[in-house]
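The structure appears below as C-alpha cells.
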Amino acid sequence: MTDGMFSEVLKTFLVKYGKEWDGREKHKIVGKTPLEEAAIIVEDYGLPCAKHEFVNEVYSMFSDHLCKVKALPGANRLIKHLSCHGVPMALASNSHRATIESKISYQHGWNESFSVIVGSDEVRTGKPSPDIFLEAAKRLNMEPSSSLVIEDSVIGVVAGKAAGMEVVAVPSLPKQTHRYTAADEVINSLLDLRPEKWGLPPFQDWIEGTLPSEPWYIGGPVVKGLGRGSKVLGIPTANLSTEGYSDVLSEHPSGVYFGWAGLSTRGVYKMVMSIGWNPYFDNAEKTIEPWLLHEFDEDFYDEELHLVIVGYIRPEANFPSLETLIAKIHEDRKVAERALDLPLYSKYRDDPYLKITSSKGQ
Ligand code: ADP
Ligand code: RBF
Ligand code: MG
C-alpha cells in the first residue's frame, strides 16, 4: 500500500496519538506487509497499541478511502492491452487479499482481467520471500521462468528475482532508480513498458513516435526558471508554476510531452515540453518547461500561458554530455512538430482553453 491515500490515513491515525506523520517514513514501509508496516510505525512512534490493533484500525479507516485510489498512469492501458491479447495475469501483493479485492473493485475491468489474486495472508511469508509470486505462477499454470513481474517496490523486485522471474521495476517514488539494481529493467512509468522486450504483444497505439492521450490542461503566468534554458542549452522554456497542479501532475508521469500553447497577447503555437526533475541537472524541484516552437523577439515573463497537452514522447533521461541532451531535445521538437500536423492532434489547436481572454490581454 504505497499510495498517497494510505499516507493520508496514517496521518489522521497518528494525530489521535498526538504524533505527526513524517513523510520520510514512507521509504521504510513501501512494499511491506500490513503487519510489518505496523511493527515499524508502532515502534518508530512509540505507539501504545499492539501491531494487530494498528492493522485493524488503520485498515478499517483505509477501506473507506479505497474508492478514491486512482490507477497509476498507464495501468488501465496496460491491463486492457494484455487482457485483450489473452495474456494471463495475476495480482500478487503484500496487502491482504480482502484489501486487494476491495481496492480493485473500484477499478473498471480489473477484477475480470486478473484471473489470480494472491495476498500475503495466503502464503507463509510475504515479499521479499518468493512465495507470493511462486503461488501466483502455480495458480496461473505458468512456469516462473516465463513469467514477468512488474513491481514498484525494492522488496517486490527481490521477491520476483528470488522466484526466478523477469522483473521490470516502476519505482513509485522519484529519484530512486539506483535502489532497484536487482531488476532486469527500471522504467519511469508504465507508459514506458515495451511488452515485446519480454515476449509479449507490442502496444499498437504509438503514432509516429508519439503516444496520444486524452488532452489535459495547465496554465498560468510564465515564471522565472533557473535561467538555464536559453543560456546553457540555447532552448528557452517558458516555465509554469507547479502550484495547484499536484492532482493533474500525479495523473501524468514526468517526461517529455507535446501539444499546443496559447499566449494571451500573441496567439497559439506548437509546443514541446519536459515535466520533471531534469535528470541531467538533477533539480530538487519538479519543473514544467514548455518550449514554444516559434521565434519570439522578446521575453514574455508574467504573461498568461495556457497549454493543451495531447501526447507523450519519452521519459526524461540523463545524458553523457550537454551536446547529446541538446540533440535529443531537438529531435523531440521534430517529433512534436510533425505529429501536431496530424488531424488527431491538430484539432486541439482550436481548443477554447487556448484563446485566453484575460484582463491583461488586449
Ligand atoms: P528561465 O530559466 O527563466 O525559464 P529560459 O532561459 O528558459 O529562462 O528562458 C525562458 C524565457 O524566454 C521564457 O520565460 C520566455 O519569456 C522567453 N522565450 C522566448 N522565446 C521562447 C520560446 N520559443 N519558448 C519559450 N520561452 C521563450
Ligand atoms: N532535461 C533532462 O535532464 N533530461 C531530459 O531528457 C530533458 N528533456 C527535455 C525535453 C524537452 C522537449 C525540453 C524542452 C527540455 C528537456 N529537458 C531535459 C530540460 C532541460 O534540461 C531544461 O529545459 C533546462 O534545464 C532548462 O531549465
Ligand atoms: Mg525555462
Side-chain angles (χ1 to χ4, degrees), residues 174-175 188 209-210 216-246 248-249 252-341 345 348-349 351 353-356 358 360-362:
K175 298 192 181 207
N188 182 58
T210 66
W216 47 290
Y217 302 86
I218 39 181
V222 174
V223 299
K224 283 264 176 200
L226 296 166
R228 278 202 292 248
S230 336
K231 282 195 200 80
V232 184
L233 305 172
I235 297 167
T237 56
N239 297 41
L240 286 176
S241 164
T242 56
E243 236 160 84
Y245 284 105
S246 57
V248 207
L249 292 178
H252 301 276
S254 62
V256 177
Y257 293 87
F258 67 100
W260 297 98
L263 269 173
S264 51
T265 62
R266 295 164 210 264
V268 175
Y269 308 93
K270 291 179 174 176
M271 174 281 297
V272 65
M273 74 196 292
S274 109
I275 297 184
W277 291 266
N278 301 348
Y280 183 81
F281 296 101
D282 194 22
N283 292 349
E285 297 288 331
K286 195 175 194 171
T287 57
I288 304 177
E289 315 222 8
W291 182 20
L292 278 52
L293 304 179
H294 178 83
E295 288 280 334
F296 296 91
D297 6 326
E298 51 174 12
D299 284 348
F300 39 84
Y301 287 109
D302 299 326
E303 203 168 307
E304 211 41 39
L305 172 64
H306 282 194
L307 306 177
V308 177
I309 298 140
V310 298
Y312 171 76
I313 299 181
R314 64 172 177 91
E316 285 193 304
N318 204 340
F319 291 86
S321 66
L322 202 55
E323 290 68 41
T324 49
L325 168 64
I326 293 169
K328 189 68 184 176
I329 299 176
H330 281 278
E331 201 183 304
D332 296 330
R333 170 177 60 86
K334 282 191 199 134
V335 169
E337 249 170 359
R338 237 178 273 140
L340 285 163
D341 287 331
Y345 297 126
Y348 294 106
R349 198 186 187 292
D351 194 298
Y353 184 70
L354 297 167
K355 315 254 173 323
I356 309 160
S358 81
K360 278 192 213 158
Q362 51 246 249

Determine the minimum heavy-atom distance between [X] and [Y], stating which atoms define it.
{"X": "L307", "Y": "A261", "value": "CD2-CB, 3.6 Å"}
{"X": "E304", "Y": "P221", "value": "OE1-N, 3.6 Å"}
{"X": "N188", "Y": "P315", "value": "CB-CB, 4.1 Å"}

Point-to-point distance, once rounded to the nearest 0.5 Å, from [atom1] of [X] to [atom2] of [Y]:
{"X": "I356", "Y": "H306", "atom1": "CD1", "atom2": "NE2", "answer": "4.5 Å"}
{"X": "I218", "Y": "I275", "atom1": "CD1", "atom2": "CD1", "answer": "4.5 Å"}
{"X": "S274", "Y": "L325", "atom1": "OG", "atom2": "CG", "answer": "9.0 Å"}
{"X": "N278", "Y": "E285", "atom1": "CG", "atom2": "CD", "answer": "12.0 Å"}
{"X": "I329", "Y": "I235", "atom1": "CD1", "atom2": "CD1", "answer": "4.0 Å"}
{"X": "T324", "Y": "N318", "atom1": "OG1", "atom2": "CG", "answer": "8.5 Å"}

Output all residues satisfying side chain to side chain contact (heavy atoms under 4.5 Å, CB included) with [X], sequence neighbours left out; order by chain, then residue number.
{"X": "S241", "result": "V223, E243"}
{"X": "A317", "result": "R314, F319"}
{"X": "V222", "result": "A238, F300, Y301, L305"}

With a 4.5 Å cut-off on side-chain heavy atoms, are [Y] and [X] touching?
{"X": "N239", "Y": "L226", "answer": "no"}
{"X": "V256", "Y": "V335", "answer": "no"}
{"X": "R228", "Y": "T237", "answer": "no"}
{"X": "L263", "Y": "L292", "answer": "yes"}
{"X": "I309", "Y": "M273", "answer": "yes"}
{"X": "T287", "Y": "T242", "answer": "no"}

Contacts of [X] that satisfy ring pair (Phe, Tyr, Trp, His ring centres under 6.0 Å) - sequence neighbours left out:
{"X": "Y257", "result": "W216, Y312"}
{"X": "W260", "result": "none"}
{"X": "H294", "result": "Y269, F296"}
{"X": "Y217", "result": "Y353"}

Problem set entry | V268 vs K355, side chain to side chain contact (heavy atoms under 4.5 Å, CB included): CA-CA, chis, key distance, verdict | CA-CA 8 Å; V268 175; K355 315 254 173 323; 4.3 Å; yes
Just to verify, what does [X] make a salt bridge (charged side-chain N to carboxylate O under 4.0 Å, His left out) with, not counting sequence neighbours?
{"X": "E316", "value": "none"}
{"X": "K334", "value": "none"}
{"X": "K328", "value": "E331"}
{"X": "R266", "value": "E298, E303"}

Problem set entry | Pair listing, ring-ring contact (aromatic ring centres under 6.0 Å, His included) test, anchored in residues 273-292, at least two apart | W291-H330
Exercise. Under 3.5 Å, side chain of K270 to main-chain N/O of E337, donor-acceptor pair present?
Worked result: yes
Exercise. With no hydrogens and no angle check, is any side-chain donor or acceptor of R333 less than 3.5 Å from a backbone partner on L293?
Worked result: no
